[in-house]
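Presented below is the structure to which this report refers.
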Amino acid sequence: MKFGIVQFPGSNDDRDTLYVAREVLGCQGELLWHKDKDLKGSDVVFLPGGFSYGDYLRTGAMAKFSPIMGEVVRHAEKGGLVIGACNGFQILCESGLLPGVLIRNRSLKFISKSIYTRVENTDNPFLSLCKKGEVLRLPIKHGEGCYFAEEDTLKRLNGEGQVLLRYCDPKGNVTPEANPNGALENIAGICNAGKNVFGLMPHPEHATEKVLGREDARKIFDSVLRSA
């Protein structure tokens, strides 16, 4: 399997993800420059965290116009797997591959810490090795991670099983206190209707080895390997 990791000007988790693909998962991995028009045989496309184009205008608003994104959209439309973490999630929303938008944290402050998320749905390629209700400890680092969507969109996401992760406490309770950024309904990650595009605010690439203090996200990557 081959992971293609997109590099935008301002990306800062691209090489971390490349390391996970090659060294942790034992897969092929290649960096894809934002001006490329070829995914170079990638089976899974990963949009990493960072500050694409300096977050000018708003997060992800300029990255969606990069030449590579046309190929990412076509890959997704054909059923190919796409993952966007943090800034990558923001780009997926701006590109129309995922519904809703990420806005400023309710506190108006940048947040960097470990949080807990509860697995809401496992009927997808990204969490198939998890159990519904399982708690994953993952890191976040963002200033615009507050997920927002219109009421009818939220109803559809919930009804179709597209909400994959919610912020929770260590015991799996979804509470206002466990919500780090004010996201509606504590939403930390969603997928598209086809369930082949996954966006999440936490950083799975930083939680795959014990040496990093946590390896809960290994289940996410292993689920992708089994599905693809």
Side-chain angles (χ1 to χ4, degrees), residues 3 17 20 44-49 60 72 76 79-102 114-140 142 145-150 152-175 178-208 214-228:
F3 284 78
T17 309
V20 171
V44 182
V45 177
F46 195 103
L47 306 184
V72 174
L81 298 182
V82 179
I83 304 173
C86 196
N87 189 224
F89 185 9
Q90 296 161 345
I91 295 171
L92 290 177
C93 289
E94 287 288 338
S95 301
L97 287 174
L98 290 175
V101 66
L102 283 306
S114 291
I115 51 85
Y116 296 91
T117 61
R118 189 178 73 185
V119 175
E120 300 291 275
N121 194 299
T122 61
D123 183 23
N124 58 79
F126 311 102
L127 297 171
S128 61
L129 292 179
C130 296
K131 296 179 180 179
K132 187 174 181 179
E134 183 174 351
V135 175
L136 303 178
R137 182 171 175 261
L138 304 169
I140 58 170
H142 58 250
C146 177
Y147 182 76
F148 177 85
E150 299 292 340
D152 59 338
T153 299
L154 288 173
K155 184 177 180 180
R156 185 176 70 254
L157 289 174
N158 285 307
E160 298 299 324
Q162 291 175 241
V163 177
L164 302 191
L165 295 173
R166 293 188 198 274
Y167 299 111
C168 66
D169 66 17
K171 295 183 178 180
N173 300 306
V174 175
T175 65
N179 190 335
N181 50 41
L184 290 182
E185 298 187 6
N186 283 45
I187 291 175
I190 63 171
C191 69
N192 64 337
K195 298 189 177 181
N196 63 304
V197 179
F198 179 31
L200 70 165
M201 281 313 297
H203 288 263
E205 73 280 4
H206 296 316
T208 61
R214 50 192 167 244
E215 54 182 346
D216 288 13
R218 181 64 189 264
K219 287 190 175 182
I220 296 175
F221 287 105
D222 285 344
S223 293
V224 170
L225 291 183
R226 188 178 78 165
S227 299

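Excluded from the calculations below are hydrogen atoms, water molecules and symmetry mates; all remaining heavy atoms, backbone and side chain alike, are included. Values in this document were obtained by computation on a predicted structure and should not be read as measured data.
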Item to check | Side chains of K219 and D222 in contact at under 4.5 Å (non-hydrogen atoms) | outcome: no
Checklist outcome for this item: Of all heavy-atom pairs linking C86 and G49, the shortest is CB-CA, 4.1 Å
Checklist entry - Any chance CD of E215 has more than 12 other-residue heavy atoms, nucleotides or ligands included, within less than 6.0 Å? => result yes
Checklist entry - Quick one: side-chain contact (heavy atoms from CB on, under 4.5 Å) partners of C191, sequence neighbours excluded? => result Q162, L164, K195
Next on the checklist: Quick check for you: to the nearest 0.5 Å, what is the distance between Q90 atom CD and S95 atom OG?
Outcome noted: 11.5 Å
Item to check | I83: which of V45, N196, V224, T17 passes side chain to side chain contact (heavy atoms under 4.5 Å, CB included) | outcome: V224
Next on the checklist: Donor-acceptor pair, distance only, cut-off 3.5 Å: does the side chain of R166 make one with the backbone of E185?
Outcome noted: yes
Item to check | V72 and I91, any side-chain heavy atoms less than 4.5 Å apart | outcome: no
Checklist entry - Is a donor on one side and an acceptor on the other found under 3.5 Å between the side chain of T122 and the backbone of K132? => result no
Next on the checklist: A side-chain contact here means heavy atoms from C-beta on lying under 4.5 Å apart; do N124 and F198 qualify?
Outcome noted: no
Checklist entry - What are the two closest heavy atoms between P204 and A85, and how far apart are they? => result CD-CB, 3.9 Å
Checklist entry - Going by heavy atoms in the side chains, are V119 and L165 under 4.5 Å from each other? => result yes
Item to check | Closest approach of G100 to C93 (non-hydrogen atoms, all atoms of both residues) | outcome: O-CB, 3.4 Å
Next on the checklist: side chain to side chain contact (heavy atoms under 4.5 Å, CB included), that's the test. Do N192 and V82 meet it? Break it down for me.
Outcome noted: CA-CA 10 Å; N192 64 337; V82 179; over 6 Å; no
Checklist entry - If you round to the nearest 0.5 Å, how far is CG of L129 from CZ of R226? => result 4.5 Å
Next on the checklist: As an exercise, state the distance from CG of D216 to SG of C130, rounded to the nearest 0.5 Å.
Outcome noted: 8.5 Å
Checklist entry - Is the backbone of Y167 close enough, under 3.5 Å, to the side chain of N186 for a donor and an acceptor to pair up by distance? => result yes
Item to check | Sequence-distant partners of E150, side-chain contact (heavy atoms from CB on, under 4.5 Å), two or more places apart | outcome: F148, D152, T153
Checklist entry - So, for A178 and C168, which heavy atoms are closest and what is the spacing to 0.1 Å? => result CB-C, 3.2 Å
Checklist entry - Is there a side-chain contact between L157 and Y147, using heavy atoms and a 4.5 Å cut-off? => result yes
Item to check | Side-chain donor/acceptor of R118 to backbone N/O of G172, under 3.5 Å | outcome: yes
Checklist entry - OH of Y116 to CG of N173: how many Å apart, nearest 0.5 Å? => result 13.0 Å
Checklist entry - With a 4.5 Å heavy-atom cut-off, do P99 and R156 have their side chains touching? => result yes
Next on the checklist: When you compare the side chain of E205 with that of P48, does any pair of heavy atoms fall below 4.5 Å?
Outcome noted: no
Checklist entry - Under 4.5 Å between any side-chain heavy atoms of L200 and T117, yes or no? => result no
Item to check | Nearest-0.5 Å distance, CD1 of residue I115 to CG of residue L136 | outcome: 9.0 Å
Item to check | Heavy-atom closest pair, residues V163 and N121 | outcome: O-CB, 4.0 Å
Checklist entry - Any idea which heavy atoms bring N87 and G60 closest together, and the distance? => result ND2-N, 4.2 Å
Next on the checklist: Run F89 and I190 through side chain to side chain contact (heavy atoms under 4.5 Å, CB included) and show every step you take.
Outcome noted: CA-CA 9 Å; F89 185 9; I190 63 171; 3.8 Å; yes
Item to check | Gap separating the CG atom of L47 from the CG atom of L92, nearest 0.5 angstrom | outcome: 5.0 Å
